[in-house]
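See below for the structure under consideration.
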Amino acid sequence: MTTLTYTPIEEIPKIRETLRATFKAGVTRPLAWRKHQLYQLARFAQNEADAICDALAKDLSKPRVEVLMTEVGAIVERATKSAEQLDAWAAAEHPDVPDWQKGWKPTLLKAPRGTVLLISPWNYPFILTFQPLIGAIAAGCCAVIKPSEAVPHLSQLIAELLPKYLDPSAYRVVNGGVPEATKLLELQWDHIFYTGNGRVARLIASAAAKYLTPLTLELGGKCPVLVDPAYDMNLAAKRILWGKCNNAGQICVAPDYILVLWTKQDEFIQGLKKAYKEFFPDGALGSPHFGSIVNEFHFNRLNSLLDRTKGQIITDVIEGRKDAARKRIEPTIVKNVQDGDSLLEEEIFGPILPIIPVDGLNEALAFINARPHPLVSYAFTEDPVVKQRLIDETQSGGIVFNDTFQQLSVNELPFAGVGESGYGYQVMKYTYDTFTQLRSSIDMPKEAEPFLELRYPPHGPEAVNALTGAAYLPIPRSTPNGR
């Protein structure tokens, strides 16, 4: 275990002041400077890929291919593409306005929010640290990064290597635990971006409220998976199990529980067993393609959920074996789970997959809607009526049909929660927009003065008619059904 060097608490306010001075000096304003920092971030991810993979192998036993695919590669691609698209994103916009306002030159200016705080989690610690930073850099902000102390090898690596690539007068790393995070939250920031759980999010929101600091909260929740009885059970099971096995289920968009018709439950489980044997011929416990649980606390938490479940744990083919010394738990399937079970108490955040049998679509929708809004809802169905009912009758940050996890690879779609799963948007331009202030502007010409004369008191009848005309505009007829 590496020793993570914590940032001295007394240095934290000084770091913030250094960054604020850099921002006020205009260092981050030029687009060429921002592009260079973005390309440097891409170089950091690419050049140090081996060290990043080694660190995450030590922290999470995360497979190398998984790290390169979901963390390193994503940052290289998104940092590079953000630099390439930055000119278009940062260009002032000129909205279409009525002819009588065009001479005012109505303009939307893009301004950086200022000095921001980014707090990242342990489960996907590389991409979830640097994806928000990509947007902050692109927008022209300075940023303090607070990685998770639960992944000490990676957090130490970031602190040591990042200053070799990014301008340390604009981007700094603060490492530590609760005291260091508390000190950071005592300070005023121009935006806080937090990825993690709802309990900590409430503490951060309370601290931000003191300064009316805007927030982005990327949280989680129990992401449901509805499996239509008409869908191919083997294909659904394969795609669901793959989504669940990424990082041993320790991701906020992991399938959390399955809703399937009673009569299809066993067929679906057979599909899971078939896929499991394809993925892990010798089981997942010793497989280099399957990760470990992050620490002893979460290992014990997951075991407690299993110890208390009233569902039936499947033990053949998918055996659900454990290795406490290495903090490893194989994928574990639990059938016949009922409302009120331990596996439904909280987001599982691990390789346990409960199956809740239902009588039909209405019961499944009622089950989903009885719970806080998830980060994403999954459904395996080709039925357009079922799809539309899910869209119309449920709420979630995203909704994905006929796959899991893969939606994260679409750079053009925003990633966001709703309600308990968070608020605010990220990925590419959406992250840029998060850290950008739209400044509305007009530039009134002297030649407009004859037109403006009507607004000055006293107001005669002609001025009153002109100034109040909008109050008397005709309103089109309408009915509730549109007819």
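Computed from a predicted structure; not experimentally measured.
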Task: Identified salt bridge (Lys or Arg N to Asp or Glu O under 4.0 Å) counterpart of E346 within the set K222, R301, R199 - done: R301

Task: N/O donor-acceptor pair under 3.5 Å between N123 side chain and Q250 backbone - done: yes

- [ ] Quick one: which residue pairs count as a ring pair (Phe, Tyr, Trp, His ring centres under 6.0 Å) with a foot in residues 220-261, not counting sequence neighbours?
- [x] Y231-F380, W242-F405, Y257-F367

Task: Chi angles and distances behind the side-chain contact (heavy atoms from CB on, under 4.5 Å) call for L302, T332 - done: CA-CA 11 Å; L302 292 167; T332 305; over 6 Å; no

Task: Side-chain H-bond candidate by donor/acceptor type, H191 with T434, under 3.5 Å - done: no

TODO: Please lay out, stage by stage, how L166 and I137 fare under the test side-chain contact (heavy atoms from CB on, under 4.5 Å).
DONE: CA-CA 10 Å; L166 299 188; I137 293 172; 4.2 Å; yes

Task: Nearest-0.5 Å distance, CG of residue L408 to CD1 of residue I251 - done: 5.5 Å

Open item on the list: Test your reading of the model: is there a side-chain donor-acceptor pair from S396 to the backbone of V376, 3.5 Å cut-off?
Closed with: no

Task: Face-on cation placement of K62 at Y124 ring, 6.0 Å and 45° thresholds - done: yes

TODO: For the residue pair Y194 and L219, establish whether any side-chain heavy-atom pair is separated by less than 4.5 Å.
DONE: yes

- [ ] Flag the pair C245 / P331 as yes when at least one side-chain heavy-atom distance between them is below 4.5 Å, and no otherwise.
- [x] yes

Task: Closest non-hydrogen atom pair between Q407 and V253, with its separation - done: NE2-CB, 4.1 Å

Open item on the list: Using only atom types and a distance under 3.5 Å, with no angle test, would you say the side chain of T28 pairs donor to acceptor with the backbone of G140?
Closed with: yes

- [ ] Grab the two heavy atoms, one from E347 and one from C252, that are nearest each other, plus how far apart they are.
- [x] OE2-CA, 3.6 Å

TODO: Would you check if the side chain of R113 reaches a backbone N or O of F435 as a donor-acceptor pair within less than 3.5 Å?
DONE: no

Task: Side-chain heavy-atom pair L86, R34 within 4.5 angstrom cut-off - done: yes

- [ ] Scan side-chain atoms only and decide if Y276 and E330 contain a donor-acceptor pair under the 3.5 Å cut-off.
- [x] yes

Open item on the list: With rounding to the nearest 0.5 angstrom, report the CD1 to CZ distance, I333 to F268.
Closed with: 7.5 Å

Open item on the list: Whether D232 and K238 form a salt bridge (side-chain N of Lys/Arg under 4.0 Å from carboxylate O of Asp/Glu) is what I want to check.
Closed with: no

Open item on the list: Between L185 and L203, is there a side-chain heavy-atom distance shorter than 4.5 Å?
Closed with: no

TODO: Spell out, as yes or no, whether a donor-acceptor pair under 3.5 Å connects the side chain of S206 to the backbone of R202.
DONE: yes

Open item on the list: I'd like to know whether NZ of K273 has more than 12 heavy-atom contacts from other residues, nucleotides or ligands below 6.0 angstrom.
Closed with: yes

Task: Residues D433 and K429 bridged, charged N to O under 4.0 Å - done: yes

Open item on the list: Working to the nearest 0.5 angstrom, can you tell me the gap between M233 CE and L261 CG?
Closed with: 8.0 Å

Open item on the list: Is there a side-chain contact between E149 and E180 in this structure, where contact means two heavy atoms from C-beta onward sitting under 4.5 Å apart?
Closed with: no

Task: Value rounded to 0.5 Å, distance of CD1 in I352 from OG1 in T309 - done: 9.0 Å

Open item on the list: Taking ring pair (Phe, Tyr, Trp, His ring centres under 6.0 Å) as the definition, give me every residue that meets it alongside H298, ordered by chain and number, with sequence neighbours left out.
Closed with: W122

For residues 38-45, which side-chain donor-acceptor pairs fall under 3.5 Å, sequence neighbours excluded?
{"residue": "Q40", "atom": "OE1", "partner": "R43", "partner atom": "NH1", "Å": "2.8"}
{"residue": "Q40", "atom": "NE2", "partner": "Y165", "partner atom": "O", "Å": "3.0"}

Task: Spacing of CD1 belonging to I75 relative to CD1 belonging to I134, to within rounding of 0.5 Å - done: 4.0 Å

- [ ] Using atom types as modelled and distance alone, determine if a side-chain donor or acceptor of K244 lies under 3.5 Å from a backbone N or O of G350.
- [x] yes

Open item on the list: Quick check on side-chain contact (heavy atoms from CB on, under 4.5 Å): which of I269, V334, L259, V227 does I355 satisfy it with?
Closed with: I269

Open item on the list: Less than 4.5 Å apart, side chain to side chain, heavy atoms only: is that true for Y430 and N411?
Closed with: no

Open item on the list: List the residues meeting salt bridge (charged side-chain N to carboxylate O under 4.0 Å, His left out) with K322, not counting sequence neighbours, and say none if there are none.
Closed with: none

Open item on the list: For K335 and D266: C-alpha separation, side-chain torsions, deciding distance, then whether side-chain contact (heavy atoms from CB on, under 4.5 Å) applies.
Closed with: CA-CA 9 Å; K335 65 182 290 189; D266 289 338; 2.7 Å; yes

Task: Close side-chain approach of E71 and F130, heavy atoms under 4.5 Å - done: no

Open item on the list: With a 3.5 Å distance limit and no angle check, can you tell me whether R78 reaches the backbone of V427 through a side-chain donor-acceptor pair?
Closed with: no

Open item on the list: Under the side-chain hydrogen bond (donor to acceptor under 3.5 Å, both in side chains) definition, can you give me all pairs with a residue in residues 380-392, not counting sequence neighbours?
Closed with: D228-T381, N362-R389, Q388-D392, R389-E393

TODO: Would you confirm whether R328, through its side chain, and F290, through its main-chain N or O, come within 3.5 Å as a donor-acceptor pair?
DONE: yes

Task: T129 side chain reached by L118 side chain, heavy atoms, under 4.5 Å - done: no

Task: By side-chain hydrogen bond (donor to acceptor under 3.5 Å, both in side chains) - contacts of E10 (at least two apart) - done: none

Task: L305 backbone acceptor or donor facing S342 side chain under 3.5 Å - done: yes

Open item on the list: I'd like to know if E186 pairs up with K183 as an ion pair, taking the criterion as any Lys NZ or Arg NE/NH1/NH2 lying under 4.0 Å from an Asp or Glu carboxylate oxygen.
Closed with: yes

Task: Distance, nearest 0.5 Å, that separates CG of L187 from CG of L117 - done: 9.0 Å

Open item on the list: Test your reading of the model: is there a side-chain donor-acceptor pair from N175 to the backbone of S155, 3.5 Å cut-off?
Closed with: yes

Task: From CA spacing to verdict: side-chain contact (heavy atoms from CB on, under 4.5 Å), D54, H153 - done: CA-CA 9 Å; D54 289 346; H153 292 88; over 6 Å; no

